[in-house]
Amino acid sequence: MATGASDRSAKRRLLGAIGAASKGRLRTARRRVDEALAIADGDARIHLAAASVLFVTRDYQRALDQAALAGRLDPRRRTRAAELQLAFAVALGWDQEARAVLEGAIEAEPEDPRWPAYMTRLMVRSGALEEALRWASRSLEIDGRSPRMRLEVANLMAQVGEIEGARRMVAEALEVAPAGEVIYWLGAGSILAEAGWVDAARDAYERAREIDPGRAEIHAELAELALWRGDLAGALESAARSEEVGDGAIAARTRGAVAALGGDYRAAQGHLEEALAASPDDHIALTWRAEVAYRLGDHERVSGLLNGATMSAPGFHAAAWILRFLSVAESDPRKSSEDRLSPVGVAELRAVVCEMVPAAASVIASGTRGELVALLLGALEAMGGNRSTRTTYRRADGQIVRVLARTGVRFASRKALRQIRGRPPERVLAALDEVVARFPGSALPVCHRGELRLWLGDLEGARRDLEEAIERWAFTRWAYIGLTGVDILEGNYERALETSAHGVEVMYGTEGPAVFVYRGEALRCLGRLSEARQDLERALAISDKRLGAWLNLGLVFLAEGDRAGARRVWDRLCREASGLLSDAALELGITIWGDPGEAATPEEQGRVLDRALVMMRGNRSTGLTTYITENGRLRFVQPCSDPGDLPHVGDLGVLRRAARDLSM
């Protein structure tokens with residue numbers, strides 16, 4: 001067959017594949033892609049279009065491989081191929097793949113500012129802010145006039161504590177930004193507030209309000225800054241404007257804060273409940289509500305509210321840790337105001353409190369719990385109306401300043417662990433080693449290092465770290481949970497239950513959320529299905545994002561013969577963990593996405609779910625789920641907070657672009 005005829009035939013087959021995929025005939029589409037690739041004759045356009053169709057059909061690894069091949073076949077399409085690989089990887093949450101693609105693109109096109117800009121965003125998602133700052137600075141070096149990238153650099157400087165540099169970079173960004181565009185003034189205000197330049201932040205937001213008075217977020221930020229300054233009337237005025245343009249939640253939160261600062265806690269409670277009804281994950285509203293509960297003596301509510309606040313907070317939440325200590329100190333019958341302070345009990349708030357209240361250093365070193373309570377109440381007063389993660393306080397000279405301490409041991413350790421999303425495992429382990437060194441004697445970083453090793457399948461290293469964490473502090477809850485996971489992966493399910501029970505006993509009979517998923521898995525493996533289902537459903541009632549619980553629950557339903565229950569779980573996982581299921585099915589040689597009317601059998605579902613758990617090693621996390629393929633690829637499962645986050649919402653656009661790639 002002549003080359004021209006071969007090209008036309010391959011294009012016809014791919015156009016047929018595009019049509020089949022657009023109608024949900026995924027098996028047919030894949031077959032036609034295979035036919036086209038068999039006669040592609042090295043045409044990069046065929047491979048690019050094939051990559052898009054394969055992505056839509058959930059054949060993700062082949063999609064990435066075909067896009068990469070297109071870039072190698074035709075240097076003119078190298079950029080398009082990299083963009084395609086990057087889009088697929090980001091949609092799935094495969095940030096390790098995205099990082100590798102970007103490293104190649106940067107090497108091939110070192111003067112293109114887009115690639116380091118993309119790498120910046122990738123590192124921000126992974127929590128590696130110092131590395132993100134280096135990439136953002138590199139992008140700015142290439143394209144020195146970009147106001148957007150200047151603000152990105154300034155934002156990262158503010159977050160890592162380079163306060164003076166952040167303010168200078170904001171000023172430079174505004175000098176080159178288009179006049180009258182509100183987005184730059186909004187960005188400037190946010191960065192200046194993060195850096196603690198409160199008056200400058202207010203001026204930036206005032207300028208933004210002049211440009212666009214109808215944006216509720218501007219009034220919300222002005223209300224927040226007024227609270228920080230103690231201008232309660234100004235806060236209420238800005239809150240009222242926010243409500244006028246549609247943001248009642250911020251208005252209610254502000255009224256609650258003002259009432260709490262004035263000592264009217266019952267009124268504050270009502271306003272804050274209204275705010276949380278509209279915006280339940282607002283970490284500032286949750287913190288104020290926790291403080292009101294504390295002031296009213298409702299200590300049972302405080303812990304849950306603060307857990308929600310710290311989980312949804314975008315950074316280290318000093319106010320939440322201060323309130324947690326105060327509530328426990330005043331409500332735990334085992335603790336006396338005359339008790340000497342435990343280093344573990346104050347580890348998370350030590351640096352920030354000593355910065356705000358210098359006298360706290362000697363109290364923490366040799367004082368009593370009661371003395372620290374008094375100092376912490378003074379710290380809350382110095383913070384004025386600021387209960388955000390951008391911690392500020394009023395110094396003795398009356399000036400409002402940003403706290404420079406940006407972390408405690410728990411936050412630093414979790415931040416290092418989170419980097420596994422997009423950084424190589426050896427770098428993440430090194431980051432955890434640094435935290436261990438920064439906080440000598442603390443159990444948490446050692447525990448988190450053991451947790452990462454469990455996720456990576458290093459059972460010997462995981463057990464060593466988790467046992468060391470317990471030696472350092474016997475009440476390190478997750479260490480017992482992690483050891484339960486080690487027992488499970490070693491196939492010793494009875495011992496796993498014993499380890500779990502011992503951990504619960506040590507923790508005074510209390511069960512952390514992760515207890516249920518690991519214990520539920522051990523019970524399932526022992527065939528104790530009813531007990532397993534109870535534990536797994538409890539885990540999911542606490543957080544329906546715990547993927548390991550869904551996989552185990554699906555296997556329980558299949559073992560019980562509950563096909564309807566198994567199908568509900570299967571359909572959810574196909575939507576929200578399609579990358580993991582695709583890789584598991586690929587390794588088993590099973591097709592799970594076919595033409596309409598075709599479906600995986602219960603036996604196939606069980607094999608895929610079981611394989612997925614094996615690939616996840618010991619990771620049963622809520623929002624940081626990793627897994628490893630049989631050829632050693634480390635991947636991440638993108639958590640989907642709403643349907644718009646799912647990887648296939650834009651499939652029709654992907655297919656339209658595939659058709660364009662064929663014609664270029």
Side-chain angles (χ1 to χ4, degrees), residues 51 55 58 60-65 67-68 71 81-107 114-136 138-139 152 155-156 159 314 414-432 448 451-452 455-457 545 547-548 576-584 586 612 615-617 619 621-629 631-641 644-650 654:
F55 176 82
R58 281 69 167 169
Y60 303 123
Q61 185 57 57
R62 290 183 68 208
L64 289 171
D65 292 344
E83 290 173 342
L84 206 56
Q85 292 174 79
L86 192 60
F88 295 161
V90 168
L92 293 167
W94 291 359
D95 283 5
Q96 298 280 352
E97 255 86 5
R99 177 177 51 78
V101 170
L102 287 170
E103 287 172 347
I106 290 167
E107 182 178 356
R114 290 176 301 167
W115 305 127
Y118 287 145
M119 188 72 90
T120 299
R121 290 193 282 275
L122 183 68
M123 290 300 106
V124 168
R125 266 203 310 276
S126 298
L129 299 185
E130 289 80 5
E131 186 170 347
L133 177 56
R134 290 196 294 272
W135 285 112
R138 178 167 174 176
S139 180
E152 183 70 38
N155 183 41
L156 289 165
Q159 290 189 62
R414 289 296 299 175
K415 179 184 173 185
L417 179 63
R418 175 185 160 201
Q419 293 178 18
I420 194 60
R421 173 167 182 163
R423 301 187 84 197
E426 59 273 14
R427 291 192 184 181
V428 183
L429 285 168
L432 283 164
H448 283 138
E451 183 175 8
L452 177 58
W455 295 358
L456 297 174
K545 302 302 181 186
L547 182 58
E576 298 186 5
S578 57
L580 172 61
L581 264 59
S582 176
D583 279 339
L586 177 66
M615 295 166 74
M616 286 167 61
R617 310 289 173 92
N619 190 324
S621 175
T622 299
L624 193 60
T625 307
T626 56
Y627 66 97
I628 301 174
T629 65
N631 57 7
R633 290 189 175 98
L634 174 64
R635 285 177 169 163
F636 177 77
V637 181
Q638 177 75 46
C640 301
S641 56
D645 294 332
L646 294 169
H648 289 283
V649 293
V654 173

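For reference, positions follow the sequence shown, starting with 1. Note: hydrogens, waters and symmetry copies are ignored here, and every other heavy atom, side chains too, is used.
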What is the distance from atom [atom1] of [X] to atom [atom2] of [Y], rounded to the nearest 0.5 Å?
X	Y	atom1	atom2	answer
Arg617	Leu452	CZ	CG	12.0 Å
Arg423	Ser126	CZ	OG	8.5 Å
Thr120	Asn155	OG1	CG	11.5 Å
Leu581	Arg58	CG	CZ	11.5 Å
Leu129	Met123	CG	CE	11.0 Å
Leu432	Lys415	CG	NZ	12.5 Å

Over all heavy atoms of both residues, which pair between [X] and [Y] is shortest? Give the atoms and the distance, please.
X	Y	answer
Trp455	Ser621	CZ2-CB, 4.1 Å
Ala82	Val101	O-CG1, 3.7 Å
Glu152	Ala136	CG-CB, 4.3 Å
Val428	Ala416	CG1-O, 3.3 Å
Val90	Ala98	CG2-CB, 4.4 Å
Leu456	Pro425	CD1-CB, 4.0 Å

Checklist entry - Side chains of Asp583 and Tyr627: donor-acceptor distance under 3.5 Å anywhere? => result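 The criterion, which ignores hydrogens and geometry beyond distance, is satisfied for Tyr627 and Asp583.
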Item to check | Side chains of Ser139 and Tyr118, donor plus acceptor under 3.5 Å | outcome: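 On atom types as modelled, these side chains do not qualify, holding no pair under 3.5 Å.
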Next on the checklist: List the residues meeting side-chain contact (heavy atoms from CB on, under 4.5 Å) with Gln638, not counting sequence neighbours, and say none if there are none.
Outcome noted: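 Here the qualifying residues are Arg421.
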Checklist entry - By side-chain contact (heavy atoms from CB on, under 4.5 Å), which residues pair with Ala87, not counting sequence neighbours? => result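 Testing Ala87 for side-chain contact (heavy atoms from CB on, under 4.5 Å), a comparison that skips the adjacent residues, returns none.
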Beyond-backbone contact of [X] with [Y], side-chain heavy atoms, under 4.5 angstrom:
X	Y	answer
Met119	Leu122	yes
Trp135	Ile106	yes
Leu64	Leu84	no
Arg633	Ile628	no
Glu97	Gln85	no
Thr625	Leu580	no
Ser578	Leu92	yes
Leu646	Glu576	yes

Checklist entry - Step by step, would you call Arg114 with Glu83 a salt bridge (Lys or Arg N to Asp or Glu O under 4.0 Å)? => result CA-CA 10 Å; Arg114 290 176 301 167; Glu83 290 173 342; 2.7 Å; yes
Next on the checklist: Let's go through Phe88 and His648 carefully: what are the C-alpha distance in whole Å and the side-chain angles of both, what is the deciding distance for ring pair (Phe, Tyr, Trp, His ring centres under 6.0 Å) to 0.1 Å, and is it a yes or a no?
Outcome noted: CA-CA 10 Å; Phe88 295 161; His648 289 283; 9.4 Å; no
Item to check | Atom CD of Glu107: over 12 foreign heavy atoms under 6.0 Å | outcome: no
Item to check | Ion pair check, Glu103 and Arg99, cut-off under 4.0 Å | outcome: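 Counted as a salt bridge, because a side-chain N and a carboxylate O are separated by less than 4.0 Å.
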Checklist entry - Using 4.0 Å as the upper bound for N to carboxylate O, is an ion pair formed by Glu131 and Arg427? => result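 Looking at Glu131 together with Arg427, the answer is yes, because their closest N to O distance falls below 4.0 Å.
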Checklist entry - Taking Gln96 for the side chain and Ile420 for the main chain, is one N or O donor matched with an acceptor at less than 3.5 Å? => result yes
Next on the checklist: Check whether Asn619 reaches the backbone of Leu624 with its side chain - one donor and one acceptor, N or O, closer than 3.5 Å.
Outcome noted: yes
Item to check | ring-ring contact (aromatic ring centres under 6.0 Å, His included) partners for Phe636, two or more places apart | outcome: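 Result, ring-ring contact (aromatic ring centres under 6.0 Å, His included) vs Phe636: none returned.
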Item to check | Evaluation steps, side-chain contact (heavy atoms from CB on, under 4.5 Å), between Thr626 and Met616 | outcome: CA-CA 6 Å; Thr626 56; Met616 286 167 61; over 6 Å; no
Next on the checklist: A cation-pi test, strictly: NZ or CZ of Arg635 under 6.0 Å from the centre of the six-membered ring of Trp94 and no more than 45 degrees from its axis. Yes or no?
Outcome noted: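 Cation-pi check for Arg635 and Trp94: passes.
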